[in-house]
Structure formats: structure tokens, C-alpha cells
Number of protein chains: 2
Amino acid sequence: MSALRDKILNTATDLFQTRGINSTGVDTIVAVAGTTKMTLYKYFHTKEGLILEVLNKSQQDFQSWLDNKLNTNSKAPADKIKQLFDFIEEWITSPSFLGMGFIKASAEFPNEENPIHQLSSKQSREFRQFISKLASEANIKDADGLALQLSLLFEGAVQAEQMKRGSGAIKYAKKAAKLLIDGAINQ
Amino acid sequence: MSALRDKILNTATDLFQTRGINSTGVDTIVAVAGTTKMTLYKYFHTKEGLILEVLNKSQQDFQSWLDNKLNTNSKAPADKIKQLFDFIEEWITSPSFLGMGFIKASAEFPNEENPIHQLSSKQSREFRQFISKLASEANIKDADGLALQLSLLFEGAVQAEQMKRGSGAIKYAKKAAKLLIDGAINQ
DNA sequence: GATATACTATACCGTTCTGTATAATATATT
DNA sequence: AATATATTATACAGAACGGTATAGTATATC
């Protein structure tokens, strides 16, 4: 709707990723976005509300990008899960990759009763369920089990890349994923 | 040396894990530890210094615990790497487990030039090298590759457990690790 | 008993934090 | 031209932040 609202949302997304959420004040956000606090608080009632929206949008963007990749490149269900980590590699090694929002947010807000932590946890769970759906469509028996293992590799690789850009961890995650997928298919 | 210094260090460790590092002020730390800021700043010159010491001690404690487990339970080098995830499971499912310091810290301090981020990154790298040493002692060819894969599973499982206590992720990480280790041995 | 050391108590400094109040200005609609 | 809406500019409240200064107390050593 509003271009200014989007600008604030995108600026906050970038600053949260590069400087941390708690270390980024609203004054910094509005200064970089080129607006004022009054406008920020018009669109986002609290900083927590802004954080939640940033997390939601980030995850939606990632999921849409991945859905599109899977739907345009893969046809058979078995192909989709086999190509999953190819696209994840593309995502992680992209120059614009700054980390995974829900992974960082859950670390900054460790209390399980905190709304930000809860959203992070939900996003992690939903992504795991997404993988599980891919697995069960490929007729894999223990779809949930494989999905959990693949999500561990995914989150581990993201973590490694957040710690050291260009770590190359995703290459080995891919190999491990292939082994786990092949093992689950031939069962 | 000083009981008070240890008390501050332990209190900070606990508060950083349960509330986050940036969300925990020095006033809170001294209040919970039952001392004053003057004493805290006598032993730790800055908050950053305290954070670095907390990270170092946490990692040393984990590594010592793991070393002891491996040396008393396993004899042959191949047994050590095979039992590694049994002990990691024991560690993660222990009631006192509150998360992995270096994983959370790297998320709270995402800038790679930040000393806290650098220490986190170093600790992650050193733990990976520790696994690699276990692998090469077990005569595994691509020891570094396997170590990287196992560390992804480890960090992924820790991440999952930090997001949701009792997630059960470690059980599936263990299965995946067994598959990867067996695959690497028979090569 | 004098002296050093460890620690407490408390007040404070300057800064930053989230969030709001008020007034002025630009822009679009009628 | 009048009016509504969006946005800016600025100042401020109230709290929390990291860190320091000062003064006083307890405890152990000589």
C-alpha cells in the first residue's frame, strides 16, 4: 500500500540482520529509511509489532521464492525433494543472503513465552512441515523423520553461513541430504 | 580464585542463556548474583569482557565434559566417533541444558568484526576440528567433510532444542549421524 | 591495635532506549 | 479556495543502559 511503510519494513529487515534486533533502535531505522518516528509508529504500533512483521515478510519472501523455484524446475514429486537443497544452496550463496530471520530472532528472544520467540518457533515448524509434505508426496515412508533431519541440515548450514560468510557448509549439507533422501526412498 | 567472581560468571551465564545477552543489564546480573557493580567491574573491566569470559568458560565446560565422557566410555578411535552423538544427546536432553553459548552469541552479534562474533565463530570452528580429529583417528578418509556434516547436525539439533525444549530433534540427528558415519567408514 | 584488602552502598554521569505530544508543512481532493 | 490527509520536525518524558566516583564497612594479616 504505502511506499513509506515498505521502505521502513525493508530497512528494518536489513538492519536487524546486519546489526541484530536488540542492537537496532527505532531512531536508527527511521534515519536510514529517511523518515521520522511519527510515521514509523503510525504504521507499526510498537517495535515488537515491527519485528513480527519483519519476520513474517522475510519468511513469506523465502517461501514464495522457494515455491516458485520448485514449481518451475521440478515436475515429479520425487524430483522436488531431490532438488530442494540445490535451491537452498542458491538461496544461501546469493550475495543478498544475510541470514535467516527466525533463527537469529529465536536466539535474541530465548524466552519461549515471548511472542517473537513463538513466531520464530512456528516458522521453523512450518518449514519442517513443508519439507515433510514434499517427502510424503514423493511416497517416502517416514516423511516426518526425513523432514526433521533435512531441516537440521538446513538450519545448521544457515547457522554456519551466518557465522562465517562463504563457509561452504551448504555443499556438505547437500551431500548429506542426498544420502539421507536416497536412504529414505529405498526403504 | 574468588568465589564472588565465580558467582558473577555463573549468574551471567545463566541470565544470558535465559534472557539473552543484550537484554541482560549489568544491574540485573549484580542484583541476582547478590553483589554490586563495583565488584563486577573489578573482575571484569567491561560488559564485553564479561561476555567473552562467559563464552570461554561455557565452551570449556562443555568440551571437558565431552572429553571425559569419550575417554572413560570409548576405547577404540572408531568407537569414539560412533558414540559422539550419544553423549551429545545426553548433554542436550539434560535438564540443565539452556542452549549453546556460541550459537546464540553469534546471532546477537552478527557483525563479523565484532570480538564476540569472532570468538563464537572460533569456538564453532574448533569444535568442528575436534570432530575431524576423532574422524581421522578412526581412519576416515574425508575426515573434514564428515566433521562438517556432523557439526551441521549438531548445531541444527541445538538450534531446534533452543527453539522448543524437548523437540526430540536430537534423536533424528543421531540416526542421520550414524548413517553418515557408517557411509564414511565403508569408503 | 594498625594497616591493607575486599566488598558494599549509593549516588551519579552521559547516553540511548521506546514511545508520545505538538506544531508546521506538503500534497491531493473536493 | 477550502479541506482532509500524509508526512516532517522537534522536543520531550521516563526508564534503562554501561560505567564511575565517593564513602563506608567488614575481615584478615602483620
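Naming: A, B, ... by sequence-line order, numbering from 1 per chain.
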Distance in angstrom units between [X] [atom1] and [N] [atom2], rounded:
| X | N | atom1 | atom2 | value |
| --- | --- | --- | --- | --- |
| B/K37 | D/dG18 | NZ | C1' | 7 Å |
| B/N22 | C/dT16 | CG | P | 15 Å |
| A/K7 | D/dT8 | NZ | C1' | 17 Å |
| A/I29 | C/dT18 | CD1 | P | 7 Å |
| B/I21 | D/dA16 | CD1 | P | 21 Å |
| B/L40 | D/dC17 | CG | P | 13 Å |
| B/Y41 | C/dC13 | OH | C1' | 13 Å |
| B/D27 | D/dG18 | CG | C1' | 8 Å |

(message) Quick test of your reading of the model: are B/E112 and A/K164 salt-bridged, counting only N-O distances below 4.0 Å?
(response) no

(message) What I want to find out is whether A/E108 reaches A/K104 closely enough, with some N-O distance under 4.0 Å, to be called a salt bridge.
(response) no

(request) Go along nucleotides 4-9 of chain C 5' to 3' and tag each nucleotide: B for a protein heavy atom under 4.0 Å from its base, S when only backbone or sugar atoms are that close, - otherwise. (result) --SSBB

(message) Centroid separation under 6.0 Å, is that true for the rings of A/F85 and A/F154?
(response) no

(request) Would you check if the distance from the ring center of B/F62 to the ring center of B/F127 is below 6.0 Å? (result) yes

(request) Cation-pi check, A/K133 to A/F130: give yes when NZ or CZ is under 6.0 Å from the six-membered ring centre and within 45° of the ring axis, no otherwise. (result) no

(message) Check the phosphate of D/dG18 against B/K47, side-chain N and O only, distance under 4.0 Å to OP1 or OP2. Yes or no?
(response) yes

(request) Determine, stepwise, if the pair A/E53 / A/R5 fulfils salt bridge (charged side-chain N to carboxylate O under 4.0 Å, His left out). (result) CA-CA 11 Å; A/E53 286 223 40; A/R5 195 192 132 97; 2.6 Å; yes

(message) Considering every strand and a 4.0 Å limit on heavy-atom distances, what is the contact class for B/T28: base, sugar-phosphate, or nothing?
(response) nothing

